[in-house]
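Heads up: the structure comes next, in structure tokens.
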Amino acid sequence: MQSPAPHLATVRRATAADAGRLTALVRSSGAYRGRYAPIIAGYQVTAEYIARHQVFTAANTAGEPLGFYALVLEPPELDLAFVADDAQGRGIGRLLMAHMKEQAAAAGLPEVRVVAHPPAEEFYRSQGAEPVGTVPPSPPKVTWSRPELRFVIS
């Protein structure tokens with residue numbers, strides 16, 4: 001079954017009740033298979049994490065999450081951003097990044113750092129993020145370099 005177009009998705013603040021579904025979305029991500037699998041092994045989006053950070057989900061009309069992001073305010077960083085595999089290519093990521101930039105502007109942030117999953121770098125660049133460097137591996141979970149980017153918030 002194909003996911004709805006982004007105009008049928010709404011972005012809302014995540015709640016503690018979303019923790020299990022957001023964790024499942026992370027763990028089922030096809031982008032984290034093979035060599036990238038260790039970084040999400042056992043990963044959990046907890047109710048405490050949702051309460052502590054600016055976590056927003058794009059949900060379909062049935063309330064099911066199609067994707068989500070987490071904006072950390074101090075220091076400003078896009079900590080998590082995931083779109084369900086079957087919702088990719090439908091504008092959900094663009095919808096979430098536009099919302100994230102609005103939230104960052106409302107919070108008065110001058111910029112937002114992103115340490116990207118290597119396959120996602122081009123997506124972030126297409127959304128206006130600028131490359132600023134590379135973050136070296138941090139074994140044992142992350143054995144590859146990751147691109148570092150930033151969104152300049154105006």
Side-chain angles (χ1 to χ4, degrees), residues 1-107 109 111-129 135 138 140-142 144 146-151 153:
M1 181 176 162
Q2 294 190 352
S3 297
H7 68 276
L8 296 178
T10 56
V11 179
R12 63 169 175 77
R13 185 76 186 251
T15 67
D18 295 312
R21 290 187 291 182
L22 299 184
T23 295
L25 199 152
V26 169
R27 290 184 182 179
S28 67
S29 175
Y32 287 89
R33 297 220 181 4
R35 72 181 271 210
Y36 298 124
I39 198 170
I40 63 165
Y43 193 86
Q44 288 190 4
V45 178
T46 64
E48 293 79 17
Y49 181 89
I50 291 170
R52 192 170 60 247
H53 301 297
Q54 303 287 311
V55 181
F56 289 87
T57 183
N60 64 17
T61 55
E64 300 163 344
L66 302 172
F68 77 100
Y69 75 86
L71 177 63
V72 175
L73 298 178
E74 187 58 43
E77 183 169 6
L78 180 63
D79 188 42
L80 297 171
F82 282 85
V83 174
D85 289 353
D86 66 351
Q88 291 183 11
R90 305 194 182 285
I92 301 301
R94 288 189 302 277
L95 177 69
L96 288 169
M97 290 304 98
H99 189 271
M100 181 276 298
K101 290 184 268 187
E102 290 171 2
Q103 292 298 309
L109 303 177
E111 64 183 37
V112 175
R113 177 181 187 240
V114 180
V115 177
H117 180 48
E121 178 180 11
E122 287 306 313
F123 168 74
Y124 289 120
R125 291 178 76 167
S126 77
Q127 299 307 299
V135 175
S138 56
K141 283 193 166 201
V142 183
W144 58 91
R146 295 173 289 162
E148 180 178 6
L149 305 104
R150 71 175 175 165
F151 285 101
I153 308 299

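In this chain, numbering begins with 1 at the start of the sequence shown. Quick note: numbers below take in every heavy atom, side chains included, and nothing from hydrogens, waters or symmetry partners.
- With sequence neighbours excluded, no residue satisfies side chain to side chain donor-acceptor pair (under 3.5 Å) with Gln127.
- The salt bridge (Lys or Arg N to Asp or Glu O under 4.0 Å) test applied to Arg146 returns no partner, not counting sequence neighbours.
- Considering all non-hydrogen atoms of both residues, Leu66 and Ala9 come closest at CD1-CB, 4.0 Å.
- The salt bridge (Lys or Arg N to Asp or Glu O under 4.0 Å) analysis of residues 15-39, with sequence neighbours excluded, yields the pairs Arg12-Asp18, Asp18-Arg21.
- Contacts classified as side chain to side chain donor-acceptor pair (under 3.5 Å) and involving residues 95-106 (residues at least two apart or in different chains) are given here: Tyr69-His99.
- The nearest pair of heavy atoms linking Phe151 to Met97 is CZ-SD, 4.2 Å.
- With sequence neighbours excluded, the residues that form a ring pair (Phe, Tyr, Trp, His ring centres under 6.0 Å) with Tyr36 are His117, Trp144.
- A donor-acceptor contact shorter than 3.5 Å is absent between the side chain of Thr57 and the backbone of Ala59.
- For the side chain to side chain contact (heavy atoms under 4.5 Å, CB included) test, residues two or more places apart in sequence or in another chain that qualify with Glu122 are Arg125.
- Residues passing the side chain to side chain donor-acceptor pair (under 3.5 Å) test with Gln44: none are found, sequence neighbours excluded.
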Anything under 3.5 Å between a donor and an acceptor, one on a side chain of residues 70-82, the other on a protein residue two or more places apart or in another chain? List them.
residue, atom, partner, partner atom, Å
Glu77, OE2, Arg113, NH1, 3.4
Asp79, OD2, Tyr49, OH, 2.4

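- Applying the side chain to side chain contact (heavy atoms under 4.5 Å, CB included) test to Ala106 and every residue at least two apart in sequence or in another chain returns nothing.
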